[in-house]
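These notes are about the structure you will find just below.
Residue numbering restarts at 1 for every chain, and letters A, B, ... go by the order of the sequence lines.
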Protein chains: 2
Amino acid sequence: MAEQAETLRRTPLSRDRILRAAVALADGAGIESLSMRNLAQELGVVPMALYKHVANKDELLDGMIDVVVGEIEPLTTGVGWQPAIRRRVLSARQVLRRHPWASLAIESRTMATPAVLGYLDSMIGALRAGGLSTDLTHHVMHAMGSRILGFSQELFDASRQAGRTGPAAPTPPASLPPEVAARFPHVAEIAEAASHDDGSVVRQGCDDQFEFEFALDLLLDGIERLRAQGWTSAR
Amino acid sequence: MAEQAETLRRTPLSRDRILRAAVALADGAGIESLSMRNLAQELGVVPMALYKHVANKDELLDGMIDVVVGEIEPLTTGVGWQPAIRRRVLSARQVLRRHPWASLAIESRTMATPAVLGYLDSMIGALRAGGLSTDLTHHVMHAMGSRILGFSQELFDASRQAGRTGPAAPTPPASLPPEVAARFPHVAEIAEAASHDDGSVVRQGCDDQFEFEFALDLLLDGIERLRAQGWTSAR
DNA sequence: ACCTGAACACCGTTCAAGT
DNA sequence: ACCTGAACACCGTTCAAGT
C-alpha cells in the first residue's frame, strides 16, 4: 500500500522526464551504465514503459544530445564574429565538461538532430554576418569540426576514460614511468617541459583550458587572416 | 574426418592471427559485428580459445589499433618539418579510411598502446627537429589532437555511420530536404554553395580530401607562423 | 595441465497474453 | 485499447567439469 501511494504520487512518465533522468544517470554513473533496463529502474517503471516515449535506444541518445546542446549559451550579439564564435564555443566546452559522455555520443550518432542543426545554423549565420563568403564559411565549418561544439578529440584526454566523471584529472604527460620515458624520449621531453613550465616542483600535467583556447585561437586567427585576404577555394 | 583434416591443416591460433582476423572482420562487417563469439566463429574456434591470447575484448581492441597504426608510412626524411608532418598525417588518413571503425575505437580507448606512443614520439621528434621549442611543440600536439593521427571528427562524417564501410559517400550538405532548408537557412545556404561551386549541375556534396587538407594547412601554417615569431606560452 | 561446454549476469527489443 | 511479463537472440566472461 505504501507502494500504491508512491505510484500515485509519482510524476507520470514523459519523454522529457525520461531524457532528463537518462542525462543524470549518464552524468553520475557513466554512459556504460545507461541501459534501458537501468534507466527504467531509476524511474521506477518497467523497461517496456520507456518504449512508449522513445522508439529505441538510439533515439534516446539523440534526445539526450539535444538536452545537452540546449544548455549551450546563445550567441552574444554586438561583438565581432571572432569573439562571438569564441565565446559560444567556450560555453559549449563548459557544457560538455559537465556531460563527459556527450562528446563520444555525439560522434557515434549520425548527428542530424534538430537541436544540433539549429546550433550549427546559428554558428554559420554568425560567420556569414562577419563577412565570410559562403565558400570560406563552408570550409571553415569543416575545419572546425567537432571543436565548433566545444570538444577537441585530444589523444590523451582523461575525461574520455570509461566511466570517469567530474573535472578531468591532469593528463598523462607529467610524470612518465622511467621505462616509458626511455622508450619514447620525445614524448618524455615535452612531458618534462610541461611539468616544469610554471616553475613549480609539483607535477601539474596539462592545462586543458589553455590547450583548448590555444587550438581554438590558432584556428580563428588563421580564419580571420583568410577572410581579410579575400581567400577563395577557386576550384 | 573431413573436420579432422581441416583441424590439422588449420594454422594454430596466435595473437597475430586473431588480431588480423579481427581487423578484417571489423573492416568487412562493421565494428558492431565484432564480438568475441563472431570472431571465434570466423577463426573456427570456440570463443574461449581467444582468451588464451588476449586478456579481454578491450585488449583485443588495443591490439587492433596497433595493427592499424603499424600501416602508417614512416616519416619522410630530408624535407622540412611541415611537409614531413603533412605527408605522414595524410598517410595516416588514408590508413584510417581503409579502417573506418578505427577512429572511434581509438577515441574510446585510453590510448596508451606502444604503437600509438611510438607514432606520437616520432611526430614530436619531427617538430623538435624542425626548430619548434618544447613549449610550442607541446601545445601544438594538443592543438593537432586526433588530426595528428589522420582523422578529423567532422560533425557530418558519412564514414562514421554505424557499419558503413568502403569510401565515404558524399556528405549531407548537398541536397537538403526543403523543410530542413527552410528551418535552417544558413545551413542550406552553404550547402547550396558547396553543391554548385564546380559549375556542375550534379550534386557532389563535400570533397573530404579538400576539407581535410584545408584544416590541416590552416593549422600547420599557423604553427609555422608562431615558430617563426619565436612564440612562447610565457606562463 | 590443458581445454571447453555450460552457466552467469547482463543487453535491446519483440510479442503474445493479460487486464 | 492499453500495458507488461516472459521470451528471444544476443553479449563478455567465469568457472567447474571433462580430458
How many Å lie between [atom1] on [X] and [atom2] on [N], as a whole number?
X	N	atom1	atom2	answer
A/N56	C/dC15	CG	P	15 Å
B/L50	C/dT4	CG	P	11 Å
A/I31	C/dG12	CD1	P	11 Å
A/M48	C/dA17	CE	P	16 Å
A/L39	C/dC10	CG	P	17 Å
B/E32	D/dA9	CD	C1'	16 Å
B/L43	C/dC3	CG	P	16 Å
A/L34	C/dC10	CG	C1'	15 Å

For C/dC10, does OP1 or OP2 lie under 4.0 Å from any side-chain N or O of A/N38?
->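 False: A/N38 side-chain N/O out of range (4.0 Å or more) of C/dC10 OP1/OP2.
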Is any side-chain N of the basic residue among B/R98 and B/D27 closer than 4.0 Å to the acidic one's carboxylate O?
->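 Between B/D27 and B/R98 there is no salt bridge, as every charged N stays at least 4.0 Å from the carboxylate O atoms.
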Touch check for A/D58, heavy atoms < 4.0 angstrom, all strands: base, sugar-phosphate only, or nothing?
->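 Contact class for A/D58: none.
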Under 4.0 angstrom, heavy atoms only, what part of the nucleic acid is A/M36 near: base, sugar-phosphate, or nothing?
->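 Result for A/M36 = sugar-phosphate.
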Candidate list B/R87, B/R147, B/R86, test salt bridge (charged side-chain N to carboxylate O under 4.0 Å, His left out), partner B/E213, passing option |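 Testing B/E213 for a salt bridge (charged side-chain N to carboxylate O under 4.0 Å, His left out) against B/R87, B/R147, B/R86 leaves exactly one candidate, B/R86.
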Who is the Watson-Crick or G-U wobble partner of D/dA6, with both distances under 3.5 Å?
->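 Across any shown strand, D/dA6 pairs with C/dT14.
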Provide the Watson-Crick or G-U wobble partner of C/dT19, both distances under 3.5 Å; none if there is no partner.
->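 Its partner is D/dA1 (Watson-Crick or G-U wobble, both distances under 3.5 Å).
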Same-atom distance (C1') from C/dC2 to D/dA16, integer angstrom |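 Nearest-Å result for C/dC2 against D/dA16 at atom C1': 14 Å.
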How far does the C1' atom of D/dT14 sit from the matching atom of C/dG12, given to the nearest Å?
->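 D/dT14 and C/dG12 have their C1' atoms separated by 23 Å.
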Map A/K52 and A/R37 onto DNA chain D by nearest heavy atom, then report which one ends up closer to the 5' terminus.
->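 The residue closer to the strand's 5' end, by nearest nucleotide, is A/K52.
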Minimum-distance nucleotide (side-chain atoms of [X] versus [options]):
X	options	result
B/Y51	C/dA6, C/dT14, D/dG12	D/dG12
A/S35	C/dC11, C/dT13, D/dG12	C/dC11
A/V46	D/dT4, D/dG12, C/dA6	D/dT4

So, do A/F210 and B/H142 have ring centers that fall under 6.0 Å from each other?
->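 Ring centres of B/H142 and A/F210 not closer than 6.0 Å.
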Heavy-atom side-chain proximity of A/V68 to A/W101 below 4.5 angstrom |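 Answer yes - side chains close enough.
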Looking at B/L50, B/I65, B/L34, which hits side chain to side chain contact (heavy atoms under 4.5 Å, CB included) with B/L60?
->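 Going through the options one by one, the only one that passes is B/L34.
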